[in-house]
Peer 1: 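Quick one: the structure is below, and I'll ask about it shortly.
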There are 2 protein chains.
Amino acid sequence: MNLNLRSFLNIAPDSDFSMHNLPYGVFCPPQQSARVGVAIGEYVLDLSVLETAGLLPIHTQPPVFKQDSLNAFIELGAGAWQDLRDRLQEILSHDCPDLRDNATLRKHALRLQSDVTMLLPVKIGGYTDFYSSKEHAYNVGCMFRDPANALLPNWSELPVGYNGRASSVVVSGTDIVRPNGQIKLPNTERPIFSACRKLDFELETGFIVGKATALGDAIALQDAPSHIFGMVLLNDWSARDIQQWEYVPLGPFNAKTFATSISPWVVTMAALEPFKQATPIQEPKPLDYLSTCEQYTFDIDLQVALSIDNDETILANTNFKYLYWSMAQQLTHHTSGGCNVEIGDLMGSGTISGAEKYERGSMLELTWNNTEPFLLNNGLNRGFLEDGDTVIMRGVAQKDGIRVGFGDVRGCVLPAKTL
Amino acid sequence: MNLNLRSFLNIAPDSDFSMHNLPYGVFCPPQQSARVGVAIGEYVLDLSVLETAGLLPIHTQPPVFKQDSLNAFIELGAGAWQDLRDRLQEILSHDCPDLRDNATLRKHALRLQSDVTMLLPVKIGGYTDFYSSKEHAYNVGCMFRDPANALLPNWSELPVGYNGRASSVVVSGTDIVRPNGQIKLPNTERPIFSACRKLDFELETGFIVGKATALGDAIALQDAPSHIFGMVLLNDWSARDIQQWEYVPLGPFNAKTFATSISPWVVTMAALEPFKQATPIQEPKPLDYLSTCEQYTFDIDLQVALSIDNDETILANTNFKYLYWSMAQQLTHHTSGGCNVEIGDLMGSGTISGAEKYERGSMLELTWNNTEPFLLNNGLNRGFLEDGDTVIMRGVAQKDGIRVGFGDVRGCVLPAKTL
């Protein structure tokens, strides 16, 4: 790895989008159609322009970058991903004239991120959400069962997960309408149909499947990393009161299907490689198909903040590395019965909480189901989310002068529709 | 409705595919690409041939029938569905010369169903499975909880459902590989990873969404029927031992995601209209958003059989009309929190059981979790499915000389992959 990567562009030292990162997204320039771009500093580099100019090591028909999703590019495979990454680091470097000295090309290929509209980066066929943070599962179990039986017996044997709803995955910036739904109040015999009163976020990451499997094929654990293209930030919006009434016995449904937000930039596993580290010790040792001695977690700082009228309060700081089950284990378990996965599938981590109180990744945990409201900077208390609240999640990995960030995923809560 | 519809084709009186039916599917003739067809008697009518010949009331670019799914046709909307149905009944009738007297056209447009390969009829973005048979939910509740608390409190208030896995929905005829997975045996402390030992079917129907909604929009109950294009038979293959260990608290996952089979023919709601009848009385009366006095269930006989070496045993006969929650209520509830639906989405009914023992729609219920094995015609007993078993489900509505059938959905169980 070349630590001295220097661009001809002026990139702030605290930018999430360094030469080491180069995350992919899909965007529309003003009055133009969707295309694939790469974030670099405060710019987005339009890959469809470079593709047309013949400056990239990818020459396919139809072109893969003049598209409204990353799927066609991802389908080219890991060799193409690496070739493109190498070439982009070259073409953006201070000593490569190809883009640096071509004013017309720069004008068309480089745009300020603030001038473009970001779209959902991938076409998501399947969305699965896991539940892989031990601290989160423990906290929830304490609240809804009891501390002695907080973790169910299956939790430490397999990465518990469930199928989510792909159609309602939206890109950062999309407003979130508070859902209506059935709620069972403690003092009434029957439920009511009402606007959610316990709207929550869940601070998660998600990974994007980069290589498909056929129905019936399981992915061996050592092969799982090769099936992962990259990662996003994910807000698994949750209606806690709807969830509590509906989720037994078949799991969460309307409590989650109203919206899931992801960040517009997909950070590649290549960019995250320097931040790889050993997964937490797992006790009991997982069954053979889930057992590995390979490193496959990543040191990524995560943060969630609440903004009201642009007055921001940090709610929690946590880290991806706290996750008990790795993405490789999740994917291997997911396919262990033969379920096929497809390029663009999104797999959520589950809420990522740490051991400390300030590391809790949901309002449910931060306020212990509204029994300990959170004091905001503006002096107000919050139990759950209120209309007008904007939730902002951020993620960044930093080490030895390398900074690889996710940007943010944000969403503003709008009032429920009138019944 | 014209009861005297008579075709120039010879259609057996007991054919599922009468002039009143005209279900849509996707097929490949030998060595040719996928296209949309309609089942009529023992034939499939190639709509792409009629479309090219300009004989249909649909003239779009690109053509909607030279495609590998029904989605583009469905997207044209209810007016186009009705126009096409009317025209197909005309062109197939004994007194219309357009197809009858054109030997070249007939040669290209009409093929024996036995000569073509059926594909999945729709591109399924989202698959949801409900749990709407009271008898099924009661039976399962008795086995895994107790008869006094068999139905959970939420069951009679809302159509309980969960997100399924769309990628593993396969067309009838696809072999089903017995899944491997984690199983917790009663006499061991920890689970084992093993081939499923309690492989089951679930006799269901599914409906195909015909009109999309935007994120945030709820479908009012009276509008729900207009969002439904048609129905299929559905086998929700289930690994009961994997399910029992994994499903708390987030619902079934690997126990279901290994495969779901559907019939190749989508029977339209127009064809089912004569069989519409009042839904069962619901007590308590559902909340307002789920309350209706409209008729919206259908009298459809359903059957499941087990075939071993072509020796078939009928396992159960039941009826769609036994379902407690209607398809309209399912769809309305699904969107009540704002979840968007898309054209081609598949919504399963849940196992359809009746009050009688011979009306139970799963091996789990028929053998009461293998405590009362089922005696087959060949003298063998079955608790759950064994390798080599072929499960066949059939559905047919009949009334006043009108017969509208679904054909069948079948799948043969193959041995699990070696660990």
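Residue numbers begin at 1 in each chain, while the letters A, B, ... track the order of the sequences.
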Peer 1: Flag the one option from B/Gly161, B/Ala255, B/Ala416, B/Ala259 with the top tally of heavy-atom pairs under 4.5 Å to chain A.
Peer 2: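 So the answer, after comparing B/Gly161, B/Ala255, B/Ala416, B/Ala259, is B/Gly161.
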Peer 1: With a 4.5 angstrom heavy-atom cut-off, could you sort out which part of A/Val248 is near chain B: side chain, backbone, both or neither?
Peer 2: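 Interface part for A/Val248: both.
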Peer 1: Between A/Asn340 and chain B, which part of the residue has a heavy atom less than 4.5 Å away: side chain, backbone, both or neither?
Peer 2: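 Both backbone and side chain of A/Asn340 come within 4.5 Å of chain B.
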Peer 1: Between chain A and each of B/Gly125, B/Gly181, B/Gly338, B/Pro153, count heavy-atom pairs under 4.5 Å; write down the option with the most.
Peer 2: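 Maximum pair count with chain A is reached by B/Pro153.
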Peer 1: At a heavy-atom separation under 4.5 Å, does A/Leu287 approach chain B through its side chain, its backbone, both, or neither?
Peer 2: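 Both backbone and side chain.
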Peer 1: So, do B/Asn154 and A/Gln244 sit near enough that their side-chain heavy atoms are less than 4.5 Å apart?
Peer 2: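 With C-beta onward as the side chain, the pair stays apart.
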Peer 1: Using a cut-off of under 4.5 Å on heavy-atom pairs, state which of A/Gly216, A/Gly141, A/Ala218 scores highest against chain B.
Peer 2: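 Heavy-atom pair counts peak at A/Gly216.
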Peer 1: If we only count heavy atoms from C-beta on, is the B/Arg165 to A/His334 side-chain gap below 4.5 Å?
Peer 2: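 Side chain of B/Arg165 against side chain of A/His334, heavy atoms only: contact under 4.5 Å found.
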Peer 1: Tell me which of these, B/Gly126, B/Pro191, B/Ala137, B/Ser168, has more heavy-atom pairs under 4.5 Å with chain A than the rest.
Peer 2: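 The option with the most such pairs is B/Pro191.
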Peer 1: Given the options B/Arg178, B/Arg190, B/Glu246, B/Lys256, which has more heavy-atom pairs under 4.5 Å with chain A than any of the others?
Peer 2: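 Among B/Arg178, B/Arg190, B/Glu246, B/Lys256, the one with the most close pairs to chain A is B/Arg190.
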Peer 1: Would you mind reporting whether A/Leu290 and B/Phe193 have side-chain heavy atoms less than 4.5 Å apart?
Peer 2: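 They are not in contact (no side-chain heavy atoms under 4.5 Å apart), so the answer is no.
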Peer 1: In terms of heavy-atom proximity below 4.5 Å to chain B, should A/Asp345 be classed as side chain, backbone, both, or neither?
Peer 2: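 A/Asp345 touches chain B through side-chain heavy atoms alone.
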Peer 1: Does the side chain of B/Tyr162 reach to within under 4.5 Å of the side chain of A/Pro252, using non-hydrogen atoms?
Peer 2: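 The answer is no, as the side chains (C-beta and beyond) never meet within the 4.5 Å cut-off.
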Peer 1: For B/Leu250, is it the side chain, the backbone, both or neither that has a heavy atom under 4.5 Å from a heavy atom of chain A?
Peer 2: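 Both backbone and side chain.
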Peer 1: What I'd like to find out is whether the side chain of A/Asp217 reaches to under 4.5 Å of the side chain of B/Lys417, using heavy atoms alone.
Peer 2: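 In short, these two side chains touch, coming nearer than 4.5 Å.
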Peer 1: Please flag which part of A/Thr128 lies under 4.5 Å from any non-hydrogen atom of chain B: side chain, backbone, both or neither.
Peer 2: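 Interface part for A/Thr128: side chain.
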Peer 1: Is it the side chain or the backbone of A/Pro159 that comes within 4.5 Å of chain B heavy atoms, both, or neither?
Peer 2: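 Neither the backbone nor the side chain of A/Pro159 comes within 4.5 Å of chain B.
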Peer 1: Chain A: which of B/Leu215, B/Val140, B/Leu414 shares the most heavy-atom pairs with it under 4.5 Å?
Peer 2: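 Heavy-atom pair counts peak at B/Leu215.
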Peer 1: So B/Leu152 and A/Pro249, do their side chains get closer than 4.5 Å, heavy atoms only?
Peer 2: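 With C-beta onward as the side chain, the pair touches.
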Peer 1: Any idea which of A/Val160, A/Ile124, A/Val177, A/Leu158 has the most non-hydrogen atom pairs under 4.5 angstrom with chain B?
Peer 2: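 When all of A/Val160, A/Ile124, A/Val177, A/Leu158 are compared, A/Leu158 has the most.
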Peer 1: Just give me the residue among B/Ala195, B/Ser167, B/Gly251, B/Pro284 that pairs up with chain A most often, heavy atom to heavy atom, under 4.5 Å.
Peer 2: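 Ranked by contacts with chain A, first place is B/Ser167.
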Peer 1: Any non-hydrogen side-chain atom of B/Asn180 less than 4.5 Å from a side-chain atom of A/Ser336?
Peer 2: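 No, their side chains stay 4.5 Å or more apart.
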Peer 1: Just verifying a value: how many Å separate B/Gln182 CD and A/Glu157 CD, rounded to the nearest 0.5 Å?
Peer 2: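 Going from CD on B/Gln182 over to CD on A/Glu157, the span is 6.0 Å.
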Peer 1: Top residue by heavy-atom pair count (under 4.5 Å) with chain B, among A/Trp245, A/Tyr127, A/Phe258?
Peer 2: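 Looking at each of A/Trp245, A/Tyr127, A/Phe258 in turn, A/Trp245 comes out on top.
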Peer 1: For the NZ atom on B/Lys184, are there more than 12 heavy atoms of other groups (residues, nucleotides or ligands in this structure) within a distance under 6.0 Å?
Peer 2: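 More than 12 heavy atoms, drawn from other residues, nucleotides or ligands, come within 6.0 Å of this atom.
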Peer 1: Step by step, would you call A/His333 with B/Asn254 a side-chain contact (heavy atoms from CB on, under 4.5 Å)?
Peer 2: CA-CA 8 Å; A/His333 180 69; B/Asn254 282 354; 3.3 Å; yes
Peer 1: What part of A/Tyr289 gets closer than 4.5 Å to chain B, counting heavy atoms only: side chain, backbone, both or neither?
Peer 2: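 Contact with chain B involves the side chain of A/Tyr289 alone.
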Peer 1: Is the A/Phe130 ring parallel, tilted or perpendicular to the B/Phe253 ring (thresholds 30°, 60°)?
Peer 2: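 Rings of A/Phe130 and B/Phe253: perpendicular, over 60°.
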